[in-house]
Asks: 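If you scroll down you'll find the structure; I have some questions about it.
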Amino acid sequence: MAVMDYRTRDGLASYAFSIEFEPDIGWRVYIVFRLLYQDGGEKPKWSYEATDDNDRCYVNWPAKLDNLGDARTVALLWAENAEYHAQGLTRSSGDEVNKATNPRAVNRRKSAAA
């Protein structure tokens, strides 16, 4: 088992993962900490997220993770993707984040300019 903290590249979110080996399925990345909404509720589940029989959330990666390094990479990718969703951002076909019409991004830009 490995415990891993990750802060997103934009520095706006932190996540914690427990990466555990399970003989039948390989390495599994459990999500043990994520930010809460301003109202105190948990964020909704994102793509590639599931809950196991013990009610623990994990990254439901489609391929078997055969080593700890791959599991860590999946955790990082999931955290970055979850942060894009949390901010209401979308990726364009050029893989750039389109912030132009996102109200939260616009408000941040206005606050920064003030």
Asks: Does the side chain of S18 come within less than 4.5 Å of M4's, by heavy atoms?
Replies: no
Asks: Please round to the nearest 0.5 Å and tell me the distance separating atom CD of E49 and atom CD1 of I31.
Replies: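 Nearest 0.5 Å value for the CD-CD1 distance: 4.0 Å.
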Asks: Which pairs count as side chain to side chain donor-acceptor pair (under 3.5 Å) when at least one residue sits in residues 59-75, sequence neighbours excluded?
Replies: N67-D70
Asks: Within the side chain of D52, is there an N or O that forms a donor-acceptor pair under 3.5 Å with the backbone of N54?
Replies: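 Answer holds: yes.
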Asks: Report yes if some heavy atom in the side chain of V3 is under 4.5 Å from a heavy atom in the side chain of V32; otherwise report no.
Replies: no
Asks: Quick check for you: to the nearest 0.5 Å, what is the distance between E83 atom CD and Y15 atom OH?
Replies: 4.5 Å
Asks: Is there a path from F33 to Y30 through hydrophobic residues (I, L, V, M, F, W, Y) whose side chains come within less than 4.5 Å of each other?
Replies: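 Looking at the clustering, Y30 is in a separate group from F33.
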Asks: Excluding sequence neighbours, so at least two apart, what forms salt bridge (Lys or Arg N to Asp or Glu O under 4.0 Å) with R7?
Replies: none
Asks: Examine distances only and state if a side-chain atom of E80 and a backbone atom of T8 form a donor-acceptor pair shorter than 3.5 Å.
Replies: no
Asks: Indicate whether the side chain of Y58 and that of E20 have a donor and an acceptor atom separated by less than 3.5 Å.
Replies: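 Judged by distance alone, the side chains do not pair up.
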Asks: So, do L68 and W27 sit near enough that their side-chain heavy atoms are less than 4.5 Å apart?
Replies: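 Result yes, sub-4.5 Å side-chain heavy-atom pair found.
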Asks: Test L65 against V29 for side chain to side chain contact (heavy atoms under 4.5 Å, CB included), laying out the working first.
Replies: CA-CA 9 Å; L65 300 173; V29 179; 4.3 Å; yes
Asks: For the OH atom of Y6 and the CG atom of L77, what is their distance to the nearest 0.5 Å?
Replies: 8.5 Å
